[in-house]
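Before any comments, here is the structure.
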Amino acid sequence: MNKDILLCGVGGQGTVLASKLIASAAMLGGERVHSAETIGMAQRGGSVTSHVRIGEAYSPLIPFGSADMIMAFEPAEAVRNLCYLKKDGIVIVNSVPVKPVTESLHDTGYDGTEMISYLRKKCSNVIVVSAEEICEEFGSSKFFNVAILGVAVGSGKTGLSAENVMVEIESKIPERFRELNKKAFIKGMEIGEGYEAK
Amino acid sequence: MRKEYVMGNSAIALGALAAGVNLVSGYPGTPSSEIIETVGKYNNGSVHLEWSVNEKAAMEVAAGAAYAGARAMVTMKQVGLNVASDPLMSLAYVGVKGGMVIVSADDPGPISSQTEQDTRMFAEFARIPVFDPSSPEEAYIMIQDAFEYSEKYHTPVLFRPTTRVCHAYASIECEENPQPKRYEGFVKDSKKWVIFPKLSFMNHEMIEKRNPQIGNDFSKYKFNTVTGSGKKAVFASGISYAYVKEYLKDRQDVMLCRIATPYPFPEKLVLPVLEKAEEVLCVEELSPYVETHLQRIAGVHKLPVKVFGKSTGHGKLSGENSADYAAKIVGEFLGDKPSEDQIELSDMPQLPIRPPVLCAGCPHRASFYAVKKAMAGRKAYFCGDIGCYTLGNAMPLDMTDTCLCMGAGITMAQGLYHTDHDAVSFAFVGDSTFFASGMTGVVNAVYNEADMILCVLDNSTTAMTGHQPHPGTGRNMMGDIIEKVDIIKILEGIGVKKIEVVDPFELDKAVAVVKECAEIKGVKAIIFKSPCIAITKPSGKMNISEKCIGCKKCIKEIGCPAITFRDGKAEIDKSLCTGCGLCSSVCPVNAIGGDCNE
């Protein structure tokens with residue numbers, strides 16, 4: 001199986017944990033995996049990406065036009081990284097924008113809606129989810145990283161087995177957050193499965 | 001053997017352990033910091049491990065161990081090598097007994113650095129070998145080879161991964177239970193270990209005769225490879241090799257030459273390629289290093305081959321390469337039809353810019369704000385330094401007028417004072433940077449009678465690079481609890497007469513202290529003491545009540561990422577807020593409350 005998955009968002013949104021879970025679940029399924037993360041100054045509220053490459057790969061970074069899936073934790077970040085997507089690739093995107101401080105200083109009206117329309121115009125496979133709606137019952141949008149992973153796995157486009165992801169949630173997430181993460185993952189799965197049925 | 005899915009930096013650490021390393025020292029710096037952290041994770045106490053006070057100290061500690069025949073590794077980022085260059089240049093002449101590997105991680109982009117300097121050039125300057133891995137898997141093996149070559153030629157060797165190797169993850173097969181090497185111990189021999197002009201003269205000649213031999217040895221090294229055939233050749237070094245390989249895959253109609261040891265250049269391996277090829281392209285980051293060597297060899301051997309690279313406009317002059325960029329330039333060089341896999345994106349909407357910012361609740365924001373308020377209406381210079389607090393330059397704080405290199409803020413503030421006695425000169429320095437290279441600058445200020453205010457932003461950690469301990473934290477990398485080195489006592493010892501300690505979140509008090517210090521002659525120090533939010537639990541969450549009049553003062557004054565503006569009112573993002581309460585002291589109508597620090 002060769003799958004290139006790009007995760008993108010804003011520093012602090014938890015993209016790194018989601019990419020670690022994908023990588024370890026894929027390895028549990030016997031795949032070779034390479035990945036690369038943004039580390040350093042950009043983690044302080046900057047744009048961040050994680051590249052996960054399952055199967056044969058030389059470069060740790062996904063080449064443009066090669067990603068099977070983009071998991072975007074923020075609408076503008078999805079657009080920023082759209083160059084990585086294959087023509088028939090799928091985008092899973094959070095509709096809730098993260099406004100940079102510069103935006104709060106000089107209000108340009110950025111609210112993410114223009115980004116979502118652009119994604120829909122450019123790609124035929126877009127799943128839009130709202131972190132606020134999904135995470136409402138969990139009391140914090142911090143669980144969105146595992147929820148969006150659920151959507152991705154549920155969509156059937158990652159080639160990952162849900163059981164393997166669960167095993168990794170079990171082993172990688174501290175006990176006090178584990179149950180809520182499992183619930184968030186299952187909730188995401190249901191949304192993703194619903195998409196596939198369409 | 002056990003399989004581990006690890007970051008490139010961890011692969012380097014595990015490789016060094018597999019090589020039986022006895023001592024590891026270093027100073028944190030992105031992208032190198034995780035090497036020492038990984039050694040710490042696996043160390044059972046048999047390896048001496050330390051975060052040294054700076055890179056120069058780290059280099060000298062490692063050199064001492066290598067003189068004793070132990071295997072030593074020292075880690076730093078590329079600009080750290082500048083700090084350590086004094087011992088390095090001399091060490092290159094003296095040589096070592098035990099294997100000594102200097103890891104200097106380069107940062108093309110630059111992503112988290114001040115410069116785009118190239119450690120391969122540094123190796124040539126210092127006349128010592130350098131290894132350049134192209135993947136974490138390779139780094140694991142290559143670092144072990146580096147120790148072997150170091151001992152074979154009695155020379156320290158450089159090992160330079162770049163960010164994309166350091167921070168890439170891969171599975172590696174690693175040694176189950178590595179044992180540290182047995183070593184003889186230091187054997188006194190002043191003719192060997194004491195550098196004098198005569199020794200330098202003799203060893204310089206020895207080194208210049210030895211290095212071409214190492215080049216020949218490297219021509220047979222397993223990671224220097226030539227594959228494929230044809231009239232065209234692509235040369236690549238480091239991560240760029242991975243990018244080129246990603247494009248070419250197993251294509252055989254072009255020669256692909258990987259340079260894993262840029263210095264001494266593996267000339268014997270390369271010469272036949274240059275004789276066969278009509279055109280060659282160099283794909284590399286930072287300096288046109290391989291390119292220059294190919295031009296030199298082609299010139300010496302009067303070969304008609306054309307060498308393309310940065311100097312001919314076939315490579316970026318700055319910034320990092322990528323799989324796409326490599327595909328583009330290699331594709332053009334080979335005359336391939338461009339791929340049409342990409343979505344057409346010329347009509348992309350304007351995207352929000354996301355400069356990195358101080359975290360919500362960061363005590364540095366409060367410290368900067370206190371100084372800003374205290375100096376409102378007065379002429380003042382704000383010299384910054386290296387660390388999270390460099391982000392104090394961002395709007396709306398706008399509190400960093402200069403930033404040059406580690407420790408420079410303290411001394412530059414003195415230069416500004418000596419040219420303008422009317423302004424108040426401030427230097428902001430973090431606790432770790434203070435220990436690394438700030439202390440001598442304070443001595444300089446006292447000795448040379450500068451008027452300045454030193455602001456030590458003491459958050460009890462090395463935050464930017466990932467919360468490494470330092471002399472002021474009370475613990476070290478051997479897991480020992482030690483007596484904290486006290487910044488106040490250091491300043492007292494240097495002769496700073498006015499030293500104040502304040503909690504920056506007690507805003508009024510902090511402002512008053514700054515104002516008071518600004519009226520006093522000589523060197524004054526204010527220690528803004530409050531821990532980094534990443535190492536403490538948040539104290540609560542702030543709320544904005546109905547009273548908010550939408551004046552945006554909180555946003556415009558302090559620029560906290562947890563405050564946004566929606567429907568004419570300010571709003572707190574609860575997932576980011578730590579309850580520091582700084583915003584509540586800014587609000588003109590007292591609309592902000594909550595379980596804050598106070």
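Source: prediction; values computed, not measured.
Of the residues considered (B:T564, B:I555, B:V244, B:T163), B:I555 shows the highest number of contacts with chain A, using heavy-atom pairs under 4.5 Å. Of the listed residues (B:D347, B:L358, B:L576, B:I353), the one with the most heavy-atom contacts under 4.5 Å to chain A is B:D347. Of all the listed residues (B:K249, B:K245, B:K574), the one sharing the greatest number of non-hydrogen pairs under 4.5 Å with chain A is B:K245. The residue among A:R32, A:E37, A:R80 with the most heavy atom pairs within less than 4.5 Å of chain B is A:R80. Of the residues considered (A:A76, A:G65, A:P63, A:P75), A:P63 shows the highest number of contacts with chain B, using heavy-atom pairs under 4.5 Å. Of the listed residues B:M7, B:R164, B:K556, the one with more heavy-atom pairs under 4.5 angstrom with chain A than any other is B:R164. Per-residue heavy-atom pair counts under 4.5 Å with chain A were compared for B:A326, B:A168, B:P352, and the maximum is reached by B:P352. Most heavy-atom pairs under 4.5 Å with chain A, from the set B:F565, B:Y325, B:Y243: that is B:Y243. Top candidate by heavy-atom pairs under 4.5 Å with chain B, chosen from A:S35, A:S24, A:C83, is A:S35.
Of the atoms belonging to B:E344, heavy atoms from both backbone and side chain fall under 4.5 Å from chain A. B:A170 touches chain A through backbone and side chain together, each having a heavy atom under 4.5 Å away. Contacts between B:C362 and chain A at a heavy-atom distance below 4.5 Å are absent for every atom of the residue. With a 4.5 Å cut-off on non-hydrogen atoms, A:E74 touches chain B through its side chain but not through its backbone. If you measure heavy-atom distances from A:V52 to chain B, you find no contacts under 4.5 Å at all. With a threshold of 4.5 angstrom between heavy atoms, A:F64 approaches chain B through its backbone and through its side chain.
When the heavy atoms of residues 111-121 of chain A are compared with those of chain B, the residues falling under 4.5 Å are A:E114, A:M115, A:Y118, A:K121, listed by number. For residues 131-151 of chain A, a heavy-atom distance under 4.5 Å to chain B picks out A:E132, A:S141, A:K142, given by residue number. When the heavy atoms of residues 163-189 of chain A are compared with those of chain B, none of the residues falls under 4.5 Å.
Contact of the B:R354 side chain with the A:E77 side chain is registered, since non-hydrogen atoms from C-beta on lie closer than 4.5 Å. Counting only heavy atoms from C-beta outward, the side chains of A:P60 and B:I239 approach each other to under 4.5 Å.
Residues B:I343 and A:L82 share a closest heavy-atom pair of CD1-O, 4.4 Å.
In this structure, CD on A:E31 lies 11.5 Å from OG on B:S171, to the nearest 0.5 angstrom. One distance of note links OH of B:Y241 with OH of A:Y58; it measures 7.5 Å at 0.5 Å rounding. Taken from CG in B:D324 to OG in A:S59, the straight-line distance is 8.5 Å, to the nearest 0.5 Å.
Counting only residues at least two apart or on different chains, the salt bridge (Lys or Arg N to Asp or Glu O under 4.0 Å) pairs with a member in residues 85-97 of chain A are A:D68-A:K86.
When the options A:K20, A:H34, A:R53 are evaluated for a side-chain contact (heavy atoms from CB on, under 4.5 Å) with B:Y169, the one that passes is A:K20.
For B:R566, the CZ atom is loosely surrounded, since the number of other residues' heavy atoms within 6.0 Å does not exceed 12.
Electrostatic pairing of B:E571 and A:K99 does not count as a salt bridge here, judged by no charged N lying under 4.0 Å from a carboxylate O.
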